[in-house]
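Presented below is the structure to which this report refers.
Treat the numbers as computed from the prediction; the structure is a model and nothing was measured.
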Amino acid sequence: MNVKNAAPALGEPLGIEFGNTRYAVRGEVREGLASPALLASWLQDHPIPRADQAVPALTPDDLPRFVALRDAIRALARHAADGTEPAAGPLAVVNDAAALAPGWPHLSWRSGAAERTAAPPVDAVLAAIAGSAVEVFGGPLRDAVRACGGPGCVLFFVKRHPRREWCSPGCGNRARVGRHYARHRGHG
């Protein structure tokens with residue numbers, strides 16, 4: 001069964017994109033990982049090593065592991081955006097997931113270097129997503145993580161331009177229209 005994932009894809013680092021699988025439509029929070037089929041669709045839509053092997057291996061028991069990682073990433077993004085220090089719990093979830101697939105570099109004369117692991121594909125995908133989160137929150141991008149300022153939006157993004165305030169142009173337009181409406185209300 002092919003289920004189209006409705007979670008937004010904003011071109012953010014993989015960890016932030018995965019955290020944004022909890023999103024809002026018209027102010028109503030939606031769950032982008034509500035089923036194994038939605039998780040599989042999300043994984044297929046993102047360039048993650050071994051995702052093609054992980055998708056057929058997914059079981060319903062894997063879904064809570066991915067949701068826990070997503071929720072931990074969202075908690076860390078919230079703390080990064082607020083400039084506060086997170087509790088140990090979300091850090092442990094991300095670090096434990098990152099440790100699921102120890103890797104090593106592998107050299108191929110024709111295709112160059114690639115990361116290899118002996119971990120099962122589902123663990124390797126969890127570790128890749130967690131590894132991306134470690135890179136974001138453990139490096140200079142952490143100071144650029146923002147919560148979208150759009151009305152009703154619950155997404156996070158990495159601010160790469162000094163004037164960026166929203167996760168997407170759509171949220172920016174809604175915010176501007178809302179401000180315009182508020183300024184002109186009652187002046188009719």
Hey, what do you get for [atom1] ([X]) to [atom2] ([Y]), rounding to the nearest 0.5 Å?
X: I16; Y: L155; atom1: CD1; atom2: CG; value: 10.5 Å
X: T21; Y: H46; atom1: OG1; atom2: NE2; value: 9.0 Å
X: L38; Y: R30; atom1: CG; atom2: CZ; value: 12.0 Å

Between [X] and [Y], is any pair of side-chain heavy atoms under 4.5 Å apart?
X: L58; Y: F66; answer: yes
X: P86; Y: L91; answer: yes
X: P90; Y: V93; answer: no
X: V122; Y: R65; answer: yes
X: S168; Y: P8; answer: no

So, for [X] and [Y], which heavy atoms are closest and what is the spacing to 0.1 Å?
X: R22; Y: V29; result: CG-CG1, 3.7 Å
X: Y23; Y: E31; result: CE2-C, 4.4 Å
X: P102; Y: A99; result: CD-O, 3.6 Å
X: P13; Y: L141; result: CG-CD1, 4.3 Å
X: L63; Y: L33; result: CD1-O, 3.5 Å
X: F156; Y: A81; result: CE2-CB, 4.5 Å

Quick one: does any side-chain atom of [X] pair with a main-chain N or O of [Y] as donor and acceptor, under 3.5 Å?
X: E115; Y: W104; answer: yes
X: H161; Y: R163; answer: yes
X: D82; Y: H79; answer: no

*R160 atom CZ: more than 12 heavy-atom contacts under 6.0 Å*: yes

Does [X] come within less than 4.0 Å of [Y], counting only side-chain N to carboxylate O?
X: D71; Y: R74; value: no
X: E17; Y: R70; value: no
X: R164; Y: E12; value: yes

_Steps toward side-chain contact (heavy atoms from CB on, under 4.5 Å) verdict (R50, T117)_ = CA-CA 10 Å; R50 299 190 65 195; T117 182; 3.4 Å; yes

Output side-chain donor-acceptor pairs under 3.5 Å for residues 124-134, partner residues at least two apart or in another chain, one line each.
| residue | atom | partner | partner atom | Å |
| --- | --- | --- | --- | --- |
| S132 | OG | L14 | N | 3.4 |
| S132 | OG | G15 | N | 2.8 |

*Identify, with sequence neighbours excluded, every residue that meets ring pair (Phe, Tyr, Trp, His ring centres under 6.0 Å) alongside F18.*
W42

Is there a continuous path of hydrophobic side-chain contacts, each under 4.5 Å between heavy atoms, that joins [X] to [Y]?
X: F157; Y: W166; result: no
X: V145; Y: V94; result: yes
X: V154; Y: V25; result: no

*asked:* Show me the pairs that pass side chain to side chain donor-acceptor pair (under 3.5 Å) and involve residues 145-156, at least two apart or across chains.
replied: none

